[in-house]
Each structure stands twice: as C-alpha cells, then as structure tokens.
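From a predicted model like this one, the values you see are computed outputs, not experimental measurements. A, B, ... follow the sequence lines: proteins, then strands. Residue 1 opens every chain.
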There are 2 protein chains.
Amino acid sequence: MPMSNEKYTEEQVKLARYAKALSHPVRVQIMEILASQSCCYSGDIADDLPIARSTLSQHLNELKDAGLIQGEFTPPKIKYCIRREGWDEAKHLLSQFLLMK
Amino acid sequence: MPMSNEKYTEEQVKLARYAKALSHPVRVQIMEILASQSCCYSGDIADDLPIARSTLSQHLNELKDAGLIQGEFTPPKIKYCIRREGWDEAKHLLSQFLLMK
DNA sequence: AAAACATTTCGTAATATTGCGAAATAAATT
DNA sequence: AATTTATTTCGCAATATTACGAAATGTTTT
C-alpha cells in the first residue's frame with residue numbers, strides 16, 4: 001500500500017476518465033463525426049447512428065461530462081462541437097502515456 | 001441508420017476495447033508499472049496497489065483479455081509483461097484517432 | 001506428507017452502464 | 001393558441017463493473 005492519502009495520481013484519474021469516455025464504439029463514432037465537420041446538430045448525428053435518440057442523448061452527455069464536447073443551443077437545435085481544452089488534454093495525456101514504452 | 005450490417009467498424013470496436021481496458025485508474029497504473037520495468041510479478045504489483053489481490057487479479061485479467069499484457073508462469077509466480085502486439089495496436093489506433101482533429 | 005507461498009476462482013453485494021419508449025420541455029411556425 | 005420540431009428526462013429492465021474475503025489450485029520448501 002502506498003503512503004499517499006490519494007489512491008491514484010491526478011493524471012491517472014484523468015487519463016482513465018478520458019479513456020472511459022471513449023470506451024464505447026458509438027462514442028468513438030460520435031467523436032469522429034464531430035471531428036470530420038466543424039460542428040454538428042444532434043439530430044444529424046442521430047441520423048447516422050443505429051441507436052434511439054434518447055440513448056444518443058445519454059452518450060452525448062457522457063462526452064460532455066468528460067469535457068470532450070460542448071453543446072451550443074441555437075434554437076430549435078443544439079449544435080455540438082469538440083471542446084478544444086478537453087480534447088487537447090486527452091490528446092496530451094494519452095500521447096504521453098502511449099509513448100512510455 | 002447506416003445500411004451496413006455491422007453497427008460499427010472494426011476499428012471503432014477495437015479502439016473502444018482498448019480505451020475500456022484503460023478506463024480505470026488502477027489499470028492505467030498497472031500499465032505504467034509494467035512499462036517502467038521490463039516485466040513484473042503479480043505479487044510485486046499487488047504491493048504497490050491499494051486493492052485486494054483478488055481484485056488485482058480481475059484487473060490483470062481484463063488487461064490480458066484486451067491483449068495489452070501477457071502472463072508467463074514461472075513457478076511459483078506469474079510474471080506479467082506488456083504484450084507488444086496489443087500495445088502497439090492500441091498505440092496505433094489511439095494515435096491515429098487523436099490526430100484526427 | 002505437511003506447511004508455506006502465489007495467485008486465481010467463487011460467491012456475493014453495491015453500483016454503473018446501456019438501451020428503449022413514453023412523457024416532458026422548450027422554441028419556432030402556423 | 002395550437003401544432004410542429006428537436007432534444008432531453010424519466011422509468012424501467014438487462015447486463016456489466018468493481019470490490020472484498022473465503023476457499024481453491026498448484027508449486028515449492030521443509
């Protein structure tokens with residue numbers, strides 16, 4: 001047992017959180033869709049995906065909670081985009097991690 | 001709905017599987033430990049981690065199932081190492097994915 | 001053969017994820 | 001004001017994850 005009060009480092013926790021956000025194929029696909037065009041309306045994403053809209057909404061929320069995407073309300077639709085800060089941090093942490101060996 | 005029979009591409013599924021393997025801080029830490037020394041005995045890993053040995057065993061199994069590590073039985077211990085093929089594939093898929101935007 | 005050691009499997013509990021359809025919310029259009 | 005459109009929240013069910021300690025497995029040492 002390590003002596004630290006915390007079980008894991010902040011980086012380990014963050015890395016795991018980003019990895020978890022990407023741990024379902026549909027969320028990988030959502031990120032790919034958002035990357036391929038600057039932004040995208042929720043409905044347009046739904047048309048490309050084999051899941052119910054309510055289920056998509058949950059996946060979008062997970063990506064948002066992880067800080068990887070952001071949604072802008074432009075009535076009556078919601079425009080989703082990749083969130084730079086989160087995406088860049090995920091990139092940085094994962095790249096570092098993958099380079100280690 | 002896409003016309004393809006399969007819901008997701010092979011790459012999306014593989015990427016999600018590797019991401020899932022790394023979606024818990026303790027598994028990130030295990031990979032870091034294994035990367036920092038060529039190989040490691042299960043018991044030595046357990047000494048560094050704040051979880052029960054049976055729990056560690058489950059996490060090791062998940063990493064093994066994902067193809068990221070391999071265990072060699074050198075009685076009475078088991079020596080765990082990073083599995084090159086899997087690790088390299090994860091590296092490749094994730095790097096590609098992260099570069100996309 | 002018995003004791004010690006290293007690790008896994010089993011049983012179980014608590015919690016999280018994934019999925020859907022129905023209902024709710026909220027804005028735009030008629 | 002009523003209808004349409006876009007999306008989310010709710011309620012629920014099925015399954016998966018995470019964790020632990022106890023028991024089992026298999027090897028080495030005594």
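In terms of phosphate contacts, B:Tyr80 brings no side-chain nitrogen or oxygen within less than 4.0 Å of OP1 or OP2 of C:dA6. Here B:His59 does not reach the OP1 or OP2 of D:dT17: none of its side-chain N or O atoms lies under 4.0 Å away.
Within 4.0 Å (heavy atoms only), A:Thr55 reaches at least one base atom of the nucleic acid. In this structure, A:Gln58 reaches the bases: a heavy-atom distance under 4.0 Å links it to at least one base atom across the strands shown. At a threshold of 4.0 angstrom between heavy atoms, the contacts of A:Ser57 include nucleobase atoms, whether or not backbone atoms are also involved.
Mapped onto DNA chain C by nearest heavy atom, B:Ile78 and A:Phe73 fall at different nucleotides, with B:Ile78 at the one closer to the 5' end. If A:Lys20 and A:Ala52 are placed on DNA chain C by their nearest nucleotide, the residue sitting closer to the 5' end is A:Lys20.
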From CA spacing to verdict: side-chain contact (heavy atoms from CB on, under 4.5 Å), A:Glu89, A:Leu93: CA-CA 6 Å; A:Glu89 187 180 46; A:Leu93 287 173; 4.0 Å; yes

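The interatomic distance linking B:Leu56 (CG) with C:dT9 (C1') rounds to 14 Å, in whole Å. One atom, CD of A:Glu72, and another, C1' of C:dA27, lie 16 Å apart when rounded to the nearest Å. Atom-to-atom, CG of B:Asn61 to C1' of C:dT7 comes out at 12 Å; the value is rounded to the nearest Å. To the nearest angstrom, C1' of C:dT17 lies 14 Å from CD of B:Glu62. Rounded to an integer number of Å, the gap from A:Gln29 CD to C:dT18 P is 15 Å. Rounded to whole Å, the distance from CG on B:Leu49 to C1' on C:dT7 is 15 Å. Rounded to whole angstrom, the span from the CZ atom of A:Arg53 across to the P atom of D:dT5 amounts to 12 Å. Whole-Å rounding puts the A:Lys77 NZ to D:dT4 P distance at 18 Å.
Remark: A:Lys91 NZ to B:Leu99 CG distance equals 6.5 Å, nearest 0.5 Å.
Taking 4.0 Å as the cut-off between side-chain N and carboxylate O, A:Asp88 and B:Lys101 do not count as a salt-bridged pair.
Listed for the B:Arg27 side chain is a donor-acceptor partner under 3.5 Å among the backbone atoms of B:Lys20.
When each of D:dA22, C:dC20, D:dT27 is scored by its nearest atom to the side-chain atoms of B:Pro75, the top-ranked nucleotide is D:dT27.
Counting only residues at least two apart or in different chains, ring-ring contact (aromatic ring centres under 6.0 Å, His included) contacts with residues 26-84 of chain A comprise A:His24-A:His59.
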